Amino acid sequence: MDLVVIGSGTIAPSSTRVAPCYWVGAGEITLLLDCGAGTLHRAAELGIPWSEISCVAITHFHVDHWGELPALLFALRWGIEPARTAPLRLVGPPGFSTRLTMLAAALGDWVLSPGYPLQVDEIKPKEVITLAGDVSLEAFKTPHTAESLAYAVTEGEVRLVYTGDTGPSDALAEWAHSCDLLLAECSLPDDRAIDIHLSPTQAGSLGRAANARELVLTHFYPVYGDLDPGDAAVRAFGEPVTIARDGDRFHIGIDRC
């Protein structure tokens, strides 16, 4: 399984980090986890084959996590030659279909009828859906908004867990246990921690409780300045930690001791 960090930032404008988006390649599936502002242009910059995406999974309805989805739908019809004919699957929390209907009312019928087959699925916490072959997507509730989900992408024995936005959660750690890579939000420094986001120490503690093989931190607000979130995260996790940047690439294998 391959992971590319397209956007490691937040809603706060940054010259180096666009809003959350992560490209996952697993078997026949090319999946976007979230689709925030800057996704398309950063994907093009990184050489990501965005026009071949087969599925988009949205964690929650804050604009920095799904605000560029309409632009993606439009670009797949009008931004490539020849225009897309392959189906696209959209997955989101309960209420997703209603939100898309509201977008269509505001932007136009093309949101729901973009000119290629569109499949919209709502996924509930602890539900598992098959994407293709042995690739599946599982959801888990996180303490952020009423609908917020974390996702696990599994291909065979390989498991990637993406927290989406979350506060500290023992239940999330238990659900993510023994994942091969934990992609965890790390929004704010320890001295500015709040209940609905993770700080470096909290993210490191989550990774340790989950017994994650690899911990990658993302979703950084510019308030960090020159502060390195890795120091506190490493102390809590007990192992090296990766501080994600736009363009980082990871190959998630099954080599186990």
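Computed from a predicted structure; not experimentally measured. These numbers come from the heavy atoms of this one structure, side chains and all, not from hydrogens, waters or symmetry mates.
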Residues Gly95 and Glu122: closest non-hydrogen pair is N-OE2, 3.2 Å
Same hydrophobic cluster for Trp66 and Val111, using side-chain heavy-atom links shorter than 4.5 Å among ILVMFWY? yes
Quick one: pull up CZ in Arg159 and CG in Leu181 and give me the separation to the nearest 0.5 Å. 12.0 Å
Should Pro114 and Leu76 count as side-chain neighbours, where that means a heavy-atom distance under 4.5 Å? no
So, do Gln119 and Leu90 sit near enough that their side-chain heavy atoms are less than 4.5 Å apart? no
Yes or no on side chain to side chain contact (heavy atoms under 4.5 Å, CB included) for Trp78 and Trp110, after CA distance, side-chain angles and deciding distance? CA-CA 11 Å; Trp78 301 104; Trp110 57 265; 6.0 Å; no
Side-chain donor-acceptor contact under 3.5 Å, Arg17 with Ser8: yes
Val4 with Val158, same ILVMFWY side-chain cluster at under 4.5 Å: no
Between Leu100 and Leu112, is the side chain to side chain contact (heavy atoms under 4.5 Å, CB included) condition met? List the steps. CA-CA 7 Å; Leu100 289 172; Leu112 295 175; 3.9 Å; yes
For a 4.5 angstrom cut-off between non-hydrogen side-chain atoms, does His65 reach His219? yes
For residues 51-76, which residue pairs pass the salt bridge (charged side-chain N to carboxylate O under 4.0 Å, His left out) check, not counting sequence neighbours? none
Distance in Å, Ile194 CD1 paired with Ser187 OG, rounded so as to fall on 0.5 Å steps: 7.5 Å
Is atom NE2 of His41 surrounded by more than 12 heavy atoms (other residues, nucleotides or ligands) closer than 6.0 Å? no
Do you know which of Thr142, Leu182, Thr218 makes side chain to side chain contact (heavy atoms under 4.5 Å, CB included) with Thr163? Leu182
Assess whether a salt bridge exists between Asp2 and Arg249, defined as any Lys/Arg side-chain N lying under 4.0 Å from an Asp/Glu carboxylate O. no
Beyond-backbone contact of Leu149 with Ile123, side-chain heavy atoms, under 4.5 angstrom: yes
Whether Asp180 and Arg213 form a salt bridge (side-chain N of Lys/Arg under 4.0 Å from carboxylate O of Asp/Glu) is what I want to check. yes
Do Ile243 and Val5 belong to the same hydrophobic cluster, where Ile, Leu, Val, Met, Phe, Trp and Tyr are linked whenever their side-chain heavy atoms lie under 4.5 Å apart, directly or via other members? no
So if I apply the side chain to side chain contact (heavy atoms under 4.5 Å, CB included) rule between Tyr22 and each of Val216, Leu31, Leu3, which one comes out positive? Leu3
Apply side chain to side chain contact (heavy atoms under 4.5 Å, CB included) to residues Leu206 and Phe237 and explain how you reach the verdict. CA-CA 8 Å; Leu206 176 67; Phe237 183 50; over 6 Å; no
How long is the straight-line distance from CZ of Phe140 back to OG of Ser169, given to the nearest 0.5 Å? 6.0 Å
If you take all heavy atoms of Ile58 and Tyr151, which pair is closest and at what distance? O-OH, 2.7 Å
Identify whether Met1 and Leu33 are in the same connected component of the hydrophobic contact network (ILVMFWY, side-chain heavy atoms under 4.5 Å). yes
Close side-chain approach of Trp175 and Glu138, heavy atoms under 4.5 Å: yes
Do other residues, nucleotides or ligands put more than 12 heavy atoms under 6.0 Å from the CZ atom of Arg77? yes
In terms of side-chain heavy atoms, does His62 have a donor or acceptor partner in Asp165 at a distance below 3.5 Å? no
Hey, is the main chain of Thr201 close enough, under 3.5 Å, to the side chain of Asp190 for a donor-acceptor pair? yes
Is it the case that Arg84 places NZ or CZ above or below the six-membered ring of Tyr116, under 6.0 angstrom from the centre and within 45 degrees of the axis? yes
Report yes or no: does Glu127 contribute a side-chain atom to a donor-acceptor pair with the main-chain N or O of Lys124 at less than 3.5 Å? yes
Search all heavy atoms of Pro13 against all heavy atoms of Pro222 and return the closest pair with its distance. O-CG, 4.2 Å
Given the rule in the side chain to side chain contact (heavy atoms under 4.5 Å, CB included) test, do Val56 and Val91 qualify, once you have shown the distances and angles that lead to the verdict? CA-CA 6 Å; Val56 182; Val91 180; over 6 Å; no
Locate the shortest heavy-atom distance separating Gly167 from Leu198; write the atom from each residue and the value. C-CD2, 3.5 Å
With a 4.5 Å heavy-atom cut-off, do Ile29 and Val24 have their side chains touching? no
Leu107 to Pro70 - nearest heavy-atom pair and separation: CD1-CB, 3.8 Å
Shared hydrophobic cluster, Ile129 / Leu160 (ILVMFWY, side-chain heavy atoms < 4.5 Å): yes
More than 12 non-hydrogen atoms from neighbouring residues, nucleotides or ligands closer than 6.0 Å to CG on Asp134, yes or no? yes
For the pair Tyr224 and Phe220, name the ring-plane relationship: parallel under 30°, tilted 30 to 60°, perpendicular over 60°. perpendicular
Ignoring hydrogens and angles, state whether a donor on the side chain of Ser14 or Tyr221 is under 3.5 Å from an acceptor on the partner side chain. no
Could you grab the distance from atom SG of Cys35 to atom CD1 of Ile53, nearest 0.5 Å is fine? 7.0 Å
Please examine the side chains of Pro20 and Tyr162, heavy atoms only from C-beta on, and report whether any two atoms are closer than 4.5 Å. yes
Minimum heavy-atom distance between Ile6 and Leu46, given as atom pair plus value: CA-CD1, 4.1 Å
Between atom OG1 of Thr30 and atom CG of Leu32, what is the distance when rounded to the nearest 0.5 Å? 7.5 Å
Measuring only between side-chain heavy atoms, which start at C-beta, is Leu88 closer than 4.5 Å to Leu73? yes
Measure from the side-chain N and O atoms of Glu155 to the backbone N and O of Ser136, and report whether any donor-acceptor pair falls under 3.5 Å. no
Between CG of Leu131 and OG of Ser54, what distance do you get to the nearest 0.5 Å? 7.5 Å
Quick one about Thr166 and His144 (side-chain donor to acceptor, distance below 3.5 Å, no hydrogens or angles considered), yes or no? no
